[in-house]
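All remarks here apply to the structure that follows.
In this text, all values refer to a predicted model and were calculated from it rather than measured experimentally. Quick note: residue numbers are just sequence positions, from 1.
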Amino acid sequence: MLLTGKHVVNAVPAKVWQMLMNTDTLARIVPGISKLEKNGDNSYISTISMKLGPVSSSFTGNLQMEDIEQEKGFTLKVQQNSKIGNANAAIKIGLTPVADTQTEVSFEGDVKLSGMLASMGQRVLGGVANTLSKQFFTNMEKELAE
């Protein structure tokens with residue numbers, strides 16, 4: 001399943017970058033995340049709870065940041081496991097200055113699903129992905145406003 005999107009936030013790339021590199025802030029702005037612990041250089045252990053159509057589940061696994069370019073972007077490698085299936089993804093996150101005080105945050109990646117997750121269908125999962133990305137950017141804007 002392909003994931004793509006972008007959103008302009010009212011902050012300079014340095015401030016957005018600082019937010020994305022802060023474990024505590026990330027735990028507040030990523031929808032459904034209940035645990036995010038750093039376990040190495042640019043590596044985290046996570047627990048995420050979410051509702052996927054008629055099914056709710058808890059995912060545990062690893063997040064790894066690679067190809068890091070200070071204040072420009074990185075690739076987020078995700079491996080999450082749950083009772084209803086597993087998800088593996090590589091998502092490229094980009095930061096682009098738009099104006100003196102704005103940054104376009106973009107994401108593009110491919111998610112590989114297995115188990116019940118894989119059989120749920122693009123329609124359900126695409127809707128969930130859109131909802132989660134909107135929540136993420138709403139949470140990011142609230143955090144930037146504080």
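Formation of a donor-acceptor pair under 3.5 Å by the Asn22 side chain with backbone atoms of Gln18 is not found in this model. A donor-acceptor contact shorter than 3.5 Å links the side chain of Thr103 to the backbone of Ala11.
By the neighbour-count criterion of 12 heavy atoms within 6.0 Å, atom NZ of Lys72 is sparsely surrounded, having that number or fewer from other residues, nucleotides or ligands. Within a 6.0 Å radius of NZ in Lys134, other residues, nucleotides and ligands contribute 12 heavy atoms or fewer.
Put simply, NZ on Lys83 and CG on Asn81 are 13.0 Å apart, with the number rounded to the nearest 0.5 Å. Lys15 contributes atom NZ, which lies 9.5 Å from atom CD of Glu143 (distance to the nearest 0.5 angstrom). Distance OG/Ser57 to NZ/Lys51: 11.5 Å, rounded to 0.5 Å. Between the OG atom in Ser46 and the CD atom in Glu37 there is a gap of 10.0 Å [rounded to 0.5 Å]. Summarising the geometry, atom CZ belonging to Phe136 is positioned 9.0 Å from atom CZ belonging to Phe107; distances are rounded to the nearest 0.5 Å. Rounding to the nearest 0.5 Å gives a distance of 6.0 Å between NZ of Lys38 and CG of Asn42.
Residues Leu52 and Phe59 meet the side-chain proximity criterion, which asks for heavy atoms closer than 4.5 Å. Between Asn62 and Tyr44, every side-chain heavy-atom pair lies at or beyond the 4.5 Å cut-off. Contact of the Thr75 side chain with the Met65 side chain is not registered, since no non-hydrogen atoms from C-beta on lie closer than 4.5 Å. Proximity of Leu132 to Met50: side-chain heavy atoms (C-beta onward) are separated by under 4.5 Å at one or more points. You'll find the side chain of Glu108 stays beyond 4.5 Å of the side chain of Ile91, heavy atoms only. A heavy-atom distance below 4.5 Å is not found between the side chains of Asn86 and Leu117.
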Kindly determine whether Val105 and Val9 satisfy side-chain contact (heavy atoms from CB on, under 4.5 Å), including the steps that lead there. CA-CA 7 Å; Val105 181; Val9 296; 4.2 Å; yes
Could you walk me through whether Asp24 and Leu36 pass the side-chain contact (heavy atoms from CB on, under 4.5 Å) test, one step at a time? CA-CA 8 Å; Asp24 293 335; Leu36 185 64; over 6 Å; no
Pair Asn88-Val78, side-chain contact (heavy atoms from CB on, under 4.5 Å): steps then yes or no: CA-CA 5 Å; Asn88 289 298; Val78 178; over 6 Å; no
Show, in sequence, the C-alpha distance, side-chain angles and deciding distance for Leu20 and Leu26, and conclude whether the side-chain contact (heavy atoms from CB on, under 4.5 Å) test is met. CA-CA 6 Å; Leu20 293 174; Leu26 270 182; 4.2 Å; yes
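For Glu104, the salt bridge (Lys or Arg N to Asp or Glu O under 4.0 Å) test picks out no residue, with sequence neighbours left out.
Contact between Ala27 and Ile33 at its shortest, heavy atoms only, is O-CG2, 2.8 Å. Nearest heavy atom pair, residue Leu113 against residue Ala118, reads O-CB, 3.5 Å. Of all the heavy atoms in Ser49 and Ser58, the pair that sits closest is OG-OG, 3.9 Å. Contact detail for Pro13 and Glu71: the closest heavy-atom pair is CB-O, 4.0 Å. For the residue pair Ile29 and Asn139, the shortest heavy atom distance occurs at O-ND2, 3.1 Å.
Residues Gln80 and Thr60 bring no donor and acceptor atom of their side chains to less than 3.5 Å of each other. Inspection of the Gln64 and Ser43 side chains reveals an N or O donor paired with an N or O acceptor under 3.5 Å.
The aromatic rings of Phe74 and Trp17 sit perpendicular, their planes meeting at an angle over 60°, well past the 30° parallel limit.
Both Val128 and Met116 are part of a single hydrophobic cluster, where members link through side-chain heavy atoms under 4.5 Å apart. No continuous path of hydrophobic side-chain contacts links Leu144 to Val12 [ILVMFWY only; heavy atoms under 4.5 Å]. A single hydrophobic cluster is seen to contain both Met19 and Val30, as judged by linkage of ILVMFWY side chains at heavy-atom distances under 4.5 Å, directly or through other members. If you chain together hydrophobic residues whose side chains sit under 4.5 Å apart, Ile68 and Leu95 fall into the same group. Follow the hydrophobic side-chain contacts under 4.5 Å out from Val8 and you never reach Ile93; the two are in separate clusters.
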